[in-house]
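Right, one structure below, let's go through it.
Since the model is a prediction, treat every value here as computed from it, not as a measurement.
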Amino acid sequence: MARRRLGPEGRFLLMALPGAIFVVVFLLLPILSIIVFSFWRTESYTLIPDWNLDNYATLFGTTTYMTFLLRSFTMAVAVSLASLVYAWPVAYFIAKHGDRYRLLLILALAAPFFTGIILRVTGIQGVMGPVGVINLGLMNYGLQPIEFIMYTQTAVGIGVTYLFIPFMVTAVYLSLLNFDFELLEVAKINGAKPWRAFIEITWPLNWMGTVIGLVLVFIPSMAESITPRFLGGPNAASFGQVLGLQFGETGTWALGSAMGVLLFAVSSLVILLMWRTVNLQRSGFTGGGS
Amino acid sequence: MSEPVLELRNVTKRFGSVTAADAITLSVNQGEFFALLGPSGSGKTTMLRIIAGLEVPDEGGVFINGQDVTALPPYARGVGMVFQNFLLFPHKRVGENVVFPLRMQGASKAEQDERLKWALDLLRLDGLADRYPHQLSGGQQQRVALARGLISRPALLLLDEPLANLDRELRKEMEVEVRRYQVELDIPFIYVTHNQEEALTMSDRIAVMNHGRFEQVAPKLEVYTHPTSRFVAGFVGHSNVMTGTLAAIEGGCASLDWNGVTVAVRTPPGASVGDRVDCFVKLEKMRVVAPGGAAQGENRVPGTLRDIIFKGSTADYLVTLENGAELMISEGSETMGFQRKDPLEVVWSAEAGACFPAGGA
């Protein structure tokens, strides 16, 4: 007897399966469980399914939690903007003048990822900290060390920007790869000065890539916990850091879950707001084939 | 005569070891349709980019209406340009694309609206102002590009193979259209093309370019009928080439020994007996006749009809001569009822040929 052959629908399902499993197991289930836990409570390191809103009441009712949230949000906004300003020229340079070194230059951006995050952050500490290269150098010449890069919010900001800027460069670079630089010549012939051509043509046509970069930087920056621990002082604790504590030292998983849900909500909201600024037509998106 | 709108003086541009423009001097006048014709890589696009300000020449100067613009950036030159691949701004609607040059000049909203209406009318784009470029056909996109190039009343319009991406039918139609805009606006158009039909159809004057130099700059009819170089003779129109040795020279007339067949030709300037020369005769300057007639101061060479290629209004006759060479003759398609393998004679006047020292090939 001939083996039964898979119909087109069967093949479709078979191909869709691995992706679907991944999404369910690693994305939907964890989020669902965190949402569920956030309505429970913890007692002596044990989750008790006792449905209540206490965790959220604590979260929104305690000034310090809101301060942490606001601080992390502000930090993430500042970091996103800083990487935007810094990454654009870098990506533009690589896309326009990288020629055959393009791939090499982009790989160089990824080089820091070859080490772990802890190593990267301590590396930064070795540059900016009290016994870091910059301040030791200054003091060596009898100059005052730079205070604001030692265990401050600024130090954390610089560190986090350094960590995630490769995402931004890559996103903008990939966008610029698909950008027709000849359009700039057209704009110039038609009377646009270089800066005007940038605003009229380059920026809107690469806005979608820029948004992707902003989101890729914003979300991990918002949740960052390691960098503030190493580079921040006592007044720089982040929401992510405090969130981590709930699952570790204090063992208040339910409250931690509520914090996670809040973080997830804020991030989703930011993605939504950013996405609404993208008008596909205005991005030069032609819908594939046509 | 008023001063020329565009003047190039000794313009030279090199890219590494390649000279893309070699001491080019040129004037183009008000209302002139000027074609730059040449094979790809001949430097014609570079010329256009130098005029537009997208390339800076290594030597020489560019003058527009008497003003030296050599050092001016493209946005300060006031020229319009239309590209082969349209290059419309994909994120702007048709109206926004067309009005872009005026906005850059800071024209008032009222003027923008008025000019936009004018441009859309001229190019028959009414009703399309709110579309995005990708929603238009190729021909419409090219008309939008033309509208954008013309809206700000440029001193001159540069066109870089603007019809090359359109299909044949549309191209024919647009050739007539483009010519109409040019006559209507009375500004010079400088039209780059590798397509001789386009150049011959539309232009007043043609410059034939090769290796960064002008081979010939003349009214189109003259370029077609009186090529001044071997390259022009071979590139413009379709010709039979007869390569042989000059056997005798008698004033303006010479006889050419072409593989054993003696033909009368015009004496190439500065040639002497024994020189190798190429003689070009356009296909339509030759006729096929039944054998046996008397030669009346014309070349008359016997041969055999190998094939007839019917082309509609004309037909190409392929004739094998006794010396083994083959000639192609273009005639009206109704001409006589010759059949394949019929013996016949090919007739042309010595005046019809243009002779030059033989080329390498």
Side-chain angles (χ1 to χ4, degrees), chain A residues 84 88 91-92 95-97 99-100 171-214 274-290, chain B residues 45 48-55 72-94 96-107 130-138 141 144-145 147-160:
Chain A
L84 175 72
W88 249 92
Y92 195 90
K96 184 104 196 267
H97 302 292
D99 297 329
R100 59 207 167 99
V172 176
Y173 165 76
L174 288 177
S175 176
L176 283 168
L177 270 193
N178 284 320
F179 174 65
D180 187 354
F181 282 91
E182 271 189 290
L183 291 175
L184 293 180
E185 292 191 340
V186 180
K188 282 172 200 166
I189 287 174
N190 285 309
K193 293 190 172 72
W195 64 268
R196 193 79 196 266
F198 180 84
I199 292 170
E200 292 279 345
I201 312 296
T202 319
W203 184 255
L205 283 178
N206 291 287
W207 176 240
M208 189 158 35
T210 307
V211 162
I212 292 171
L214 284 172
M274 293 302 286
W275 188 247
R276 289 194 55 150
T277 67
V278 175
N279 175 332
L280 285 183
Q281 298 273 28
R282 291 294 181 186
S283 310
F285 185 79
T286 52
S290 66
Chain B
T45 295
L48 214 58
R49 291 174 61 82
I50 288 173
I51 299 168
L54 294 171
E55 303 282 355
L72 287 186
Y75 52 82
R77 291 196 181 192
V79 302
M81 188 159 174
V82 178
F83 299 82
Q84 176 179 349
N85 40 356
F86 316 139
L87 292 177
L88 299 176
F89 303 130
H91 60 306
K92 291 180 187 289
R93 295 173 196 276
V94 166
E96 294 167 324
N97 261 288
V98 174
V99 94
F100 185 86
L102 289 183
R103 268 185 56 229
M104 293 304 110
Q105 290 172 3
D130 288 331
R131 301 266 187 96
Y132 282 95
H134 71 92
Q135 298 168 321
L136 303 180
S137 70
Q141 290 190 32
V144 175
R148 183 177 62 185
L150 290 170
I151 194 168
S152 64
R153 304 172 209 270
L156 69 160
L157 186 70
L158 309 172
L159 303 102
D160 189 4

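Neither the backbone nor the side chain of B:Ile151 has a heavy atom closer than 4.5 Å to any heavy atom of chain A. At a 4.5 Å heavy-atom cutoff, the contact between A:Ala187 and chain B is made by backbone and side-chain atoms alike. Only the side chain of B:Leu54 comes within contact range of chain A, with at least one heavy atom under 4.5 Å from a heavy atom of that chain. Contact of B:Arg49 with chain A is made through the side chain alone, with heavy-atom distances under 4.5 Å.
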Taking distance alone, no hydrogens or angles, what donor-acceptor pairs closer than 3.5 Å link side-chain atoms of residues 74-82 of chain B to residues at least two apart or in another chain?
from    : atom 1 : to      : atom 2 : distance (Å)
B:Arg77 : NE     : B:Val69 : O      : 3.4
B:Arg77 : NE     : B:Leu72 : O      : 3.0
B:Arg77 : NH1    : B:Ile50 : O      : 2.9
B:Arg77 : NH1    : B:Ile51 : O      : 2.8
B:Arg77 : NH2    : B:Val69 : O      : 2.8
B:Arg77 : NH2    : B:Thr70 : O      : 3.2
B:Arg77 : NH2    : B:Leu72 : O      : 3.0

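Scanning for salt bridge (Lys or Arg N to Asp or Glu O under 4.0 Å) contacts around B:Arg131 gives an empty result, with sequence neighbours left out.
Ring pair A:Trp88/A:Phe198 is perpendicular by interplanar angle, where above 60° counts as perpendicular and below 30° as parallel.
In this structure, the side chain of B:His91 engages the main chain of A:Glu200 through a donor-acceptor pair within 3.5 Å.
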